[in-house]
Each structure stands twice: as C-alpha cells, then as structure tokens.
Protein chains: 2
Amino acid sequence: MPTTNLDETARQILAAASRRFLHYGYKKTTMSEIADDCNMSSGNLYRYFPSKLDIAEMFVRVLRGEQVDNLRTVLDAPGRSPSQKVRDFFLLKFKLAYERFHDNAKAFELSSELILERPKVALEWENAEGRVLGEILSEGNADGSFAIDNVPAITKILQNAAYRFTSPAVFHETDEEVLAAELNGVIDLVLDGFAWRSAHRDHGKAAAVGSRS
Amino acid sequence: MPTTNLDETARQILAAASRRFLHYGYKKTTMSEIADDCNMSSGNLYRYFPSKLDIAEMFVRVLRGEQVDNLRTVLDAPGRSPSQKVRDFFLLKFKLAYERFHDNAKAFELSSELILERPKVALEWENAEGRVLGEILSEGNADGSFAIDNVPAITKILQNAAYRFTSPAVFHETDEEVLAAELNGVIDLVLDGFAWRSAHRDHGKAAAVGSRS
DNA sequence: CGATTGAACAGTTTATATATTAGTCAGGCT
DNA sequence: AGCCTGACTAATATATAAACTGTTCAATCG
C-alpha cells in the first residue's frame with residue numbers, strides 16, 4: 001500500500017497526521033490541528049479520508065508496506081540457506097517490532113487503538129508477512145532443505161510459535177538481548193523439527209498426526 | 001500453597017472474598033462486604049491479611065496450587081509416552097486457562113489487576129508449571145525419547161513457543177477448537193525437533209548453535 | 001459548478017465536586 | 001492480656017457539569 005496511490009493533498013494530510021500521532025499520540029491530536037498543519041479547514045479533511053481512524057489505518061498500511069519490503073530483503077539475501085532465512089526473518093521482524101514499540105508509548109497507543117477498532121488490519125498484517133515467510137519455506141522445499149507439504153499451515157504454526165516475540169505488550173517488560181536469545185532458542189527447535197521432517201519426508205506427517213492420540 | 005496452612009478464620013475470609021471477586025469483580029467488592037459475609041468488622045480482616053491485594057494474591061496462589069496438581073496428573077498417567085505427556089500437558093494447560101478466562105471478564109480482571117501490581121506472582125506460576133514440564137522432559141531423557149542436556153532451558157523454550165495459547169488476552173477472540181488445533185500444530189513441530197535431536201544426540205546441540213551465523 | 005469553509009450538533013473527554021473505600025488505631029469486650 | 005470493633009483519614013472512585021472534538025452540511029468562494 002504505497003503512498004503513490006494517493007492524491008498529493010491526501011499524502012500531505014497523512015504526513016501531518018503521522019507526525020502528530022507519533023509525537024502527541026492518536027487521541028491527543030485533533031482533526032483541526034491536522035487541518036491547520038495543512039493550511040486547510042477541518043471539514044476539508046473529510047474530502048480525502050472518511051474519518052480520523054481511516055487516517056490512522058492508512059498510516060499503518062504504509063508502515064506495513066515498508067516492513068514487508070524490509071522483510072523481503074531476507075528472501076533475496078545471497079548466500080543464506082532457507083533455514084538461515086527463517087531465522088533472519090523472525091529476528092528481523094522481532095527487531096523491527098521491538099524498536100518500534102519499546103519505550104514508545106505513542107506508537108503503542110496508535111497500534112492498540114487501531115487494532116481495537118479495526119481488527120482486520122492486524123490480520124492483514126500477519127497475512128502479508130506470512131506470504132514472505134511462505135516464500136522462504138517454498139524455497140526450502142525447492143532446494144530440499146525442507147519437506148513441507150502444506151506451506152500456509154506451517155507458516156501459521158511458525159507465526160504461532162514466535163507469537164511471544166511479536167506481541168507489543170511483552171516489549172515493555174523484558175529487554176531486547178534476552179528476548180532475542182529466547183527467540184533463537186525457539187527457532188533452533190523448530191528448525192530441528194524441519195530437519196527431522198525432511199529426513200522422514202515419506203511418512204513423517206502421517207505418523208506425527210497419528211501419534212497424537 | 002494449600003489452604004490448610006491458613007487459620008480457620010483466614011480460610012473463611014478467603015472463601016468469602018473469592019466468591020465476591022469472581023461474582024462481582026475485584027474492584028467492586030469492598031472490604032466491608034467481605035467482613036459482613038464473615039460476620040466481623042472490616043478492621044478485623046487486617047489481622048489475617050495485610051491488604052485486599054494480598055487476599056487476591058492468596059486466592060491466586062491457591063488456584064495455582066490446584067492447577068499445578070491438575071497438571072501433575074499428566075505426569076502420572078499410565079501408558080503415555082513422554083512425547084504424549086508433553087502434548088497432554090500443554091493441551092490441558094490451555095484447556096484450563098481457556099475455561100477460566102473465556103467469557104469470564106471477572107476472572108480476567110482479577111488476573112490483570114494482580115499481575116499488574118504483583119508481577120512476581122505470574123513468574124512464580126510459570127516456574128511452578130515449568131517444574132512439572134521439566135519432569136516430563138527428564139522422564140523422556142531417562143527412557144531415551146529425548147536427548148535434552150539443559151532441561152530448564154528447553155522448558156523455557158517450550159513455554160515460549162506455546163505462549164500464544166496461554167495468554168488470556170487471546171481467548172476473547174478465537175474459539176477453543178481452532179486454538180487447540182493450532183496448538184497441536186506447534187507441538188507436532190517441536191516434538192519432531194526433539195526427535196531430530198534425539199537421533200543426533202552427540203553433535204546435535206553444537207551443530208544447531210553453530211549454524212546460527 | 002465543483003471545491004472549500006466554518007458554524008452547528010451529537011458524542012466524548014476533561015475538570016470539579018461529591019461520595020466511597022482501603023487501611024489505621026484508640027478504645028471496648030471477653 | 002488477647003481479640004475485636006467501628007469511627008476516622010487519606011486516597012480512590014463515582015457522579016455531575018463544563019469544555020472539547022469528530023463529523024456534517026448549508027453557505028461561500030473562485
């Protein structure tokens with residue numbers, strides 16, 4: 001969702017709003033202030049965005065686009081194996097989220113507010129990142145590193161296993177080094193799981209499911 | 001933390017408070033009401049508990065004791081392999097948490113309030129459950145199912161990987177069947193990781209750590 | 001006539017006053 | 001003495017009033 005889709009005026013509004021959202025918080029920036037920054041009346045904002053919340057949503061959509069582009073560089077990194085790329089993906093994702101939310105109450109507020117009112121945005125974010133992760137897994141299937149028959153399902157499983165390291169609420173408590181080390185531990189284990197499945201590709205999945213009783 | 005440690009009167013207070021906490025919520029039950037239920041004065045409550053929050057803490061400690069006892073039954077279940085017990089452990093833990101918090105705003109409020117003011121209680125809860133999980137892992141080491149050299153570290157990793165299915169905040173959104181299925185997916189994968197490590201027990205850990213670069 | 005404004009409205013937030021509650025303690029009861 | 005009480009206080013919560021903000025739209029502008 002690049003800004004280039006937007007009218008010049010809409011982009012100006014979005015820029016002014018984003019600045020205020022991050023500096024003063026979502027609730028404390030008023031439509032009049034945004035309008036003043038753009039030298040227009042508050043009523044005129046509604047010719048470009050249906051509501052204040054939609055400005056915030058667009059802001060997050062742009063941010064998501066940048067983050068997904070950023071994560072996609074992991075895919076194109078030369079000389080990295082698919083396993084390494086899985087690790088790179090989650091460590092980068094964690095680092096970006098940590099830097100965004102840690103000691104940044106305003107960003108956290110904007111995120112919470114938007115997720116509360118527009119839960120779909122969070123799901124779309126997860127899915128967009130999941131698509132990148134899925135490409136890494138497919139690459140691993142192609143070169144024989146992995147043996148994943150249902151890429152979207154495994155993508156979801158990985159996202160679930162790493163949930164603790166993507167949830168903004170945790171970032172206030174623990175510090176980055178500790179969390180990164182713990183994330184590496186989880187990744188070590190799931191990559192070993194992939195290794196096992198890759199070595200037992202014929203009957204691996206059926207056996208695993210069957211053993212659940 | 002069994003109630004048998006407590007004075008008879010303290011147990012009566014705890015029972016009355018627990019009933020009100022769960023029925024009306026923590027903030028909305030007053031010390032006077034608890035005292036009335038026990039046919040005593042509000043001042044007398046402070047001879048048995050230092051503060052209202054300490055009553056809540058004791059309530060949660062008792063609950064934790066019951067939950068840990070409950071989870072411990074997984075350990076003693078006959079005819080279950082260590083792998084199956086790992087799965088049983090997390091599915092039971094998830095089920096207990098889900099039933100406690102889903103559609104139960106009062107329990108959620110009590111939990112949130114206590115965790116906010118007494119974060120240590122949450123850590124102790126995690127550690128107490130971790131000890132049970134650790135015993136399952138050790139059992140797996142003993143019978144050759146697993147090859148875990150650092151049980152506490154792996155315990156933490158498993159708890160991290162299952163974090164999503166233990167965090168009360170999630171239970172409002174999704175429904176139980178879906179979450180249980182996703183949890184099973186995560187467990188399938190980590191158990192396959194154990195299988196791989198067990199099959200490569202000599203050099204497994206060093207290789208995994210070394211491959212992180 | 002399309003683009004823009006800003007006053008008006010309904011809903012919400014904030015400020016203020018009032019009421020309630022957690023926790024204390026000097027005294028009463030047994 | 002050892003328990004217990006209930007009025008008291010500081011702090012918190014609730015209720016009420018005042019101010020503000022998101023959104024609309026008839027009037028204005030270019």
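Convention: sequence-line order gives letters A, B, ...; per-chain numbering from 1.
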Quick one: [X] [atom1] to [N] [atom2], roughly how many Å, whole number?
X     : N      : atom1 : atom2 : value
A/N44 : D/dT24 : CG    : C1'   : 14 Å
B/I55 : C/dA22 : CD1   : P     : 10 Å
A/M31 : D/dT21 : CE    : P     : 13 Å
B/L45 : C/dT24 : CG    : C1'   : 13 Å
A/F49 : D/dT23 : CZ    : C1'   : 16 Å
B/N39 : D/dT5  : CG    : P     : 9 Å
B/Y46 : D/dT5  : OH    : C1'   : 14 Å
B/Y48 : C/dA22 : OH    : C1'   : 19 Å

Member of B/K93, B/K95, B/R80 meeting the salt bridge (Lys or Arg N to Asp or Glu O under 4.0 Å) criterion with B/D88
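So, applying the salt bridge (Lys or Arg N to Asp or Glu O under 4.0 Å) to B/D88 and each of B/K93, B/K95, B/R80, only B/R80 qualifies.
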Hey, do the aromatic rings of B/F101 and B/H172 have their centres closer than 6.0 Å?
no
Of the options C/dT5, D/dT23, D/dT5, whose atoms approach the side-chain atoms of A/S41 most closely?
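Nearest to the side chain of A/S41 among the choices is C/dT5.
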So if I take every side-chain heavy atom of B/K52 and compare against C/dT4, C/dG23, D/dG22, which nucleotide ends up nearest?
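Per side-chain heavy atoms of B/K52, the pick is C/dG23.
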Taking for each residue the nucleotide of DNA chain D bearing the nearest heavy atom, is the 5' side occupied by B/S42 or by A/L53?
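Counting from the 5' end, the first nearest nucleotide belongs to B/S42.
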Qualifying residue, where the test is ring pair (Phe, Tyr, Trp, His ring centres under 6.0 Å) with B/Y98 and the options are B/F171, B/F165, B/F90
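Only one of B/F171, B/F165, B/F90 forms a ring pair (Phe, Tyr, Trp, His ring centres under 6.0 Å) with B/Y98, namely B/F171.
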So what does A/T9 touch, heavy atoms closer than 4.0 Å: a base, only the sugar-phosphate, or nothing?
nothing
Donor + acceptor pair across side chains of A/E129, A/Q159 (<3.5 Å)
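Checked: A/E129/A/Q159 side chains show no N/O donor-acceptor pair below 3.5 Å.
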Of A/G43 and A/K28, whose closest DNA chain C nucleotide lies nearer the 5' terminus?
A/G43
